[in-house]
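Shown next, in structure tokens, is the structure this report addresses.
Since we're looking at a predicted model, the values are computed, not measured. Sequence lines set the chain letters: A, B, ... in the order given, protein chains first and strands last, and positions in each chain run from 1.
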Amino acid sequence: TAETLTIGLAAEPTSIDPHFHNVGPNNAIATHIFDHLVKRDENQQQMPGLAVSWAPIDDLTWEFKLREGVTFHDGSAFNADDVVCTFERAPNVPDSPSSYGTFTKGKTVERIDDFTIHIKTEAPYPLMPNDIANVAIISDDTGCTATTADFNDGSAAIGTGPYRFASFTPGENLTLQRNDDYWDAAPEFETVDYRFLKSGPTRVAALLSGDVDMISGVPTTDIATLQNNDDISLSQGVSNRVIYLHMDQFRDVSPFVTGPNGEEIPNPLRDVRVRQALSMAVSRDAIVDRVMEGTAIKAGQLLPEGFFGISPNLQPVEYDPEGARALLAEAGYPDGFTMTIHGPNDRYINDARIAEALGQMFSRVGIKTSVETMPRSVYFSRASSGSPEGEPEFSFILVGWGAGSGEASSPLRSLVHTYDSERGFGSSNRGRHSNPEIDAIIEQALATVDDAARQDLLAQAMEMAIETVAVIPTHFQVNTWAARDGLSYVPRTDEYTLAMSVTKD
Amino acid sequence: MTPILEIENVSKRFTKKLDAAGKIAARLGANIREETVHAVDNVSMSIMPGEVLGLVGESGCGKSTLGRVVAGIHPPSAGQLHLDGTPINDLSAQDKRRANLDIQMIFQDPSSSLNPRMRVEDIISEAPRMHKMVSGASETSDFVDDLMRKVGLDPVMKRRYPHQFSGGQRQRIGIARALAVKPRFLVCDEAIAALDVSIQAQVINLFADLREDLGLTYLFISHDLSVVQHITDRVAIMYLGRIVEIAPTDDIFSTPRHPYTRALLDQVPRLDQRKQDFTPIRGEIPSPLDPPTGCHFHPRCPHATDLCRQNAPQLSTVLSGHMASCHHLETLGV
Amino acid sequence: MTEILKVTGLCTHFFTRAGVVKAVDGVDISLNRGEVLGLVGESGSGKSITGFSIMNLIDAPGRMTGGRISFKGRDLSQLSETAWQDLRGNRIAMIFQDPMMTLNPVLRIDVQMIEAIQAHEKVSRTTARERARDTLGMVGIPAPDERLKAYPHQLSGGMRQRVAIAIAFLNKPDLIIADEPTTALDVTIQSQIIHEAQKLTRQTGTAMIWISHDLAVVAGIADQISVMYAGRIVEHGPTDYVIDNPRHPYTYGLLGSVPSANKRGARLFQIDGMAPNMLALPRGCAFGPRCDRAVDVCAAAPGMSQSCTQKFRCHNPVPEAVKVAK
Amino acid sequence: MTDTQIIAPVPAKAETPFAQFRAEFFESKIAVGALITLGIVVVLALLAPWITPQNPYDLAQVDVMDARLPPGEEAFSGYTMWLGSDGSGRDLFSAILYGLRISLAVGVASGVIALFIGTFVGLFAAYVGGRVETLIMRFVDLQLSFPASLVALMLVALLGKGVDKIILALVVSQWAYYARTVRATALVERHKEYVEAAICLGLSKARIMFRHILPNCLGPLIVVGTVQVASAISLEATLSFLGVGLPQTQPSLGVLIANGFEYMLSGRYWISVFPGLALLLTVVSINLVGDHLRDVLNPRMKK
Amino acid sequence: MTVFIIRRLMQALVVVFLMSIIVFFGVNVIGDPVAMLISPDADQAEMEAAIRRLGLDRPIHEQYFAFIKGAATGDFGRSFIFGEPALKLILSHMPATLELAFTALFLAVAIGIPLGLYAGLYPDSPISKGIMAGSILGFSLPTFWVGLMMIMLFAVHLQWLPATGRGDTGTFLWFETSLVTRDGLSHIMLPALNLALLKISLAIRLTRAGVREAMGQDYVKFARAKGLSPRRVILVHVMKNILIPVVTVMGLELGSLIGFSVVTETIFAWPGMGKLLIDAILQLDRPIVVAYLMIIVLFFVLINMIVDILYSILDPRVRLQEQGA
Ligand SMILES: Nc1ncnc2c1ncn2[C@@H]1O[C@H](COP(=O)(O)OP(=O)(O)OP(=O)(O)O)[C@@H](O)[C@H]1O
Ligand SMILES: Nc1ncnc2c1ncn2[C@@H]1O[C@H](COP(=O)(O)OP(=O)(O)OP(=O)(O)O)[C@@H](O)[C@H]1O
Ligand SMILES: [Mg+2]
Ligand SMILES: [Mg+2]
């Protein structure tokens, strides 16, 4: 049947070029039109894509066997040349604000035959399939020499994916047509029309009024009402995104922390007891129930259950205001201190309101807290390098982290590992927590190709990070999709909205 | 006797300059140019102390502009004013200020010539206070009372605002305001034109009384010839920025010399002329932006010749004290 | 002589929030063909309102509250609005005081003239246009063809007033109400206008009510004069009698206060006080408080007295023997 | 000269302009009603700290456990939330009154500052004339041709959040209205004869400008002022809605409405309807007052 | 007229130039776009590389000069986010905004003038009072709030009209517009009405004030004295006079409609320039912000110029030369 699926998308893709901007919405759209050597299922588990199998053949070389008989939308056949040229183009797209070089860096692709390639690295690299899963394969005839504009107007948007490009208007909509020659199971809907509807209520209204069949990013506030609406079905799934708090642990005096009466004091956040107290002061139940209206999961570590590299021993810290007070007193702050929480107001689900709730909770254990939220445009550059010295500006911030690779190494190396710009560690470690012991374990894990060993190392690092309160995780986001009755969506941890995952009941 | 005021070759031009864009456009060949209005064109005359000089002419001929130049509201574009024989510009700053106060103006519209947001007492006393001619509350109050009585207003009303007065009363307030700085010379610009006939007489009488009591000199601008005839000693007739005739009032009305003056006098309706046939001057007043060449009056003049079209006549004496500017004074006769 | 207009006991009142303004309070007018009536009086005495009442152009809060107007023998009081439209601009025309304001600034002269013709007669545009052009020529406008294409602001005040007069004359009306048509103009232009008006009335026999506060102008053109004060006609009669031998003290004062050659330098006669407040007219004779001839009976409103020559409304009129100093 | 002295009777209407203005103003029931409403709103806003059960800005007094309570429910802390609570657990009644304080303060402060600047610039332009005037007025025109919303939006984006910044943005986007009004009126007034009289009397230019001309420009200024204050309040709300307005934790009415916007479809109407009504009441009453002021102050509309 | 146009263009150049400086440097102060755009997975070296790629490592004045050089040839740079030329993006979003603004303008005129006329002709009738009260509400209600209420009522509850987005477009002359398709019209109704609300009030008030003033003028009385029918007096004499200010003001309001479309477009997800701008501001997409403002300034100057020329055509009294801006 020539049925059209209309989806109201919360986050709009900026380009069809799969190598232009490494962000979720772009990657999600790319997944429709292009294939990856390694695919990920809804739980970010790896599956064969254009590669039918892969394995390290020595410490520094991975062999990928490519799928035969796959054709691009223009009819040309897929082979190793396409992979080689893809890896050449991906890190070198002009004007790219966030390059795919992250995934191709340090890797050399070697064509062995039409359907075999070797990828070499300089050091043992266990995350190879993870990285490879992010690089969309384009055609060496049409794609490799094309510009971003060529992709956007469709002339180069030719992949092997389940959908063909039909039209794209930035800021408005994207239309896709089913690829009937797809090598894998063909999707249900022949035509998909993505509408970009950024505002939450607008999106819900569009669904309710029948403008669209399905929406992503259902605001938490509307979930209850939609649940009671017989014409609407919801699907929910936990995401790989943890919301956590970073504390200034590198300055002797922290700019937004002062004594109870505003006087300058030595940075209390460097004291692990204070950090523990703060974690205990957070009522994760209140956040989940009251702020998130139930659509979140209390966090005790940096990735939710089911992900690779988490520790089974870690439980969310219990809410204990009395204990927090006691710990504070023990650390020498019986009267608390004064602090400002900074956070974005347009980045995570209910971010500003969470910051406010945290402010309330800290105030209740004696830490006079004020809350300042700002648009992410201002927030992230200040949070990363806003101080006069180019260091993180704030003392205590609310941030989120989505583990793109789907394993614990991602948050650990970026958030917990000591900040080291030379080697690319701790790039988002805005609290500058530094613990050489943890660093060593993380580094070891990242060089361990054996999965079981790596799992143990990561879990160990995770436990240590939580124990020393490198960061305070609060909750994992739960994402909600809503569709008109009769459609169902398989929720994904990577927050992607994929037309292929929509099925008719 | 030196004239109290001597006007020497005074001209007043209003020019609208071109801005940068205008200049560019002009260079590109657009049909635009600077526009200059010769509102007052090389006027000379003198006024004796205690004299009332009438200034008559059609709308837009420059009467008010000349009055404003005399009163010091506009600086002249060319020429000089002499007060008591001294050029005003040569005076010291102190004397110059006094000289400017010596000449005051009474305006046509009694409603717009008073600041609606000020009380009468403030309107009258503001300038003397600013010039330190009076000081202290009680002195000021007496001063105001005195002036109000002088112009026939009840001092009880001094705390009122102008809109609470009738037209005639407002004109009196304006007169009191002018008198407050003890002027010697009043320029009355159509000072009674906006008043009702029955009120006009009151104000005309007031002017006459003030002249007698205070020895004031007047430049009396009006287009109402019968009023001019009534109160002036001499009359100057103005046409398109120039004085065309100036003579003692009796002479002007009995033996006008300039064709324009004659025509003008013919048009005046009079009570004693019933069912008269009006025979108007032909033609319209030309635009001051683009005045006719030669004698400005030639397009409307029945006696115009080529000479009139080419050369502007000079003001010449016909009889002692009677001057007119016309090429054909002799041939026209009396 | 055929009587064109007869107004008896015309009352027009304004019902404002501050009270009732009796702008016109019992005015009688009678006018024959070809006759010119001068209506004089000071500002606010009700001259214009009288004119507008005859045209039935009084707007709220004003209303004609009494009196009869008959035009060529026809009683106008029961006329429907459409009948009025037929009459206005066709049989009765009006010229307003301020030439700057009477013409619509955004419509060309030809539009404004042609519509006045076509409102009353089914004629083609070209015919109407020709008639408009001829009438412009009649009122002494040079190059009327060009003027027709002009907008009002491109004409001088005198020119505009002549256009207004031309519009009034377009349909050769029986009566023209000229409401101070020359007040805003120069002497030279005034005489041009009066000249044209005179010429036209003489040629067509149109009757005219010439409203003015300038006695001298009225004296020059009117056959009869009515003097108004505070909404009433206080004196009425042939021009010569009223001007030479006014009986009402107000007329007397008015005439006395006009400067003239003979009175040069002398004090003018002046009427003291100021125009009455129309909201709170004095009891009895409205002129009483300003009148130097006022007597006790003036506390009662005087009726219209009739002498051989003129009518006046006064208990203690100026004796016939007293003439105004000229 | 005794016989010149006519002590004429006084016209009947002998009230001062202010008394007359007051009388005319109080003639309209709607305007009086609006003025009273406005008065109540202002008083409530001023008294907010004493009459509200909660200080919505003090995080220690706000409890997220109270979030989204419908009107009339009792809070954890014991008092009844007559208008319900918002998503962070703020008592809406308290939040609205505190929000009113901010909204009014922002509106009035920006209005007053813009009025001062605009008046000064407009008067200065009219005063100096010539090239300087042309320059100033061209600038004013250009700014006016730019929608205030856009100017403010850009500025707030550039400056960041905060009451001071939003006031600055509103001032920048609104001063030109005042400047134009003042200059236009001043130009008309400048050509009136009372100004010539003042020149003739040797009064200083500054005195003429400020003591004679300025007071006569006040009528239109007041009218523009009321309209601008109302639109400043609305504009602030709009900016807050767009996410560039005031900070979340110290909500103005605009922030409250914008926050409540998210709840509109979930049936929790009160979170944005009540602040919306408060805003509406305030802005409408200011506009009604201003509207009537315009009628009263505009001589052309007078009967 | 020539002078007038030259003057306007000169002014426009100056403003565009000033604007570009302020915005260019201003946007730079807000924050670093790369910090927000870059994938969290990227390490420090890649971040540097991204900054270099976007040319943000050079001193700001150098960036500015490079920009000005490009702008002079119509190249406003590439959007950081979309990677497309800023100008192209803006121009491709412009038709949607213009279509919305013009529809709103049309609604304002078509609804506002008749209502204003009625209120002006019968100032004391209850209907007129209702109209005036409504107009006060119209400009007191914040646009975004009304927009929301309209979606709630017409789209969600009554389901009469779609809530969001632009409908199908068709080609009319050489424009792609949604005004020629049923679907397109149904989509534009709500946002256009929302945007028009303020202007309807304005049109009502202007018309009413104009009618009230004109009705008291001598020329109206004179027209009646000529014996014209009330119809002609109102439709020709009164209307022509009030249309001039109304048309002028409404024309100038087109600018503010475009400015306010930022709000409406956000609520109704209307894919126009306004939404593009607000997104660009929130994401520090400097090329778009700067280009948008420069283009919009030019646009406004152009609109104002056209309106003024129109004004001079409508009102014979106006001579453009004398006017400044
Ligand atoms: N400030 C000014 N700028 C430009 N032109 C002016 C100015 N003042 C007067 N004029 C011009 O100068 C000429 C003379 O004007 P003025 O007011 O002196 O005439 P007037 O004789 O007093 O006329 P009226 O009888 O109408 O008062 C007119 O053409 C007028 O347009
Ligand atoms: N619309 C109105 N509302 C209230 N009173 C009015 C109105 N129109 C006129 N009047 C009053 O009616 C009276 C007569 O006015 P009218 O215009 O007839 O005077 P006029 O004699 O023509 O005066 P002028 O010489 O000034 O034209 C005046 O007192 C005026 O105040
Ligand atoms: Mg003059
Ligand atoms: Mg009148």
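There is no contact between B:I231 and chain C, counting heavy-atom distances below 4.5 Å. Residue contact with chain C, scored on non-hydrogen atoms closer than 4.5 Å, is absent for B:R211. Within the 4.5 angstrom heavy-atom criterion, only side-chain atoms of C:V258, from C-beta onward, approach chain B. At a 4.5 Å heavy-atom cutoff, B:D224 makes no contact with chain C through either its backbone or its side chain. With a threshold of 4.5 angstrom between heavy atoms, C:S156 approaches chain B through side-chain atoms but not through N, CA, C or O. For B:E58, the parts lying near chain C are the backbone and the side chain together; criterion is any non-hydrogen pair under 4.5 Å.
Residues C:E35 and C:Q224 have side chains that bring a donor and an acceptor to within less than 3.5 angstrom of each other. If you check the side chains of C:S43 and B:D196, you find no donor sitting under 3.5 Å from an acceptor. A donor-acceptor contact closer than 3.5 angstrom links the side chains of B:T249 and B:T232.
The side-chain hydrogen bond (donor to acceptor under 3.5 Å, both in side chains) check on B:S112 picks up nothing, with sequence neighbours excluded.
Exactly one residue among B:S222, B:S113, B:S64 makes a side chain to side chain donor-acceptor pair (under 3.5 Å) with B:D189. That residue is B:S64.
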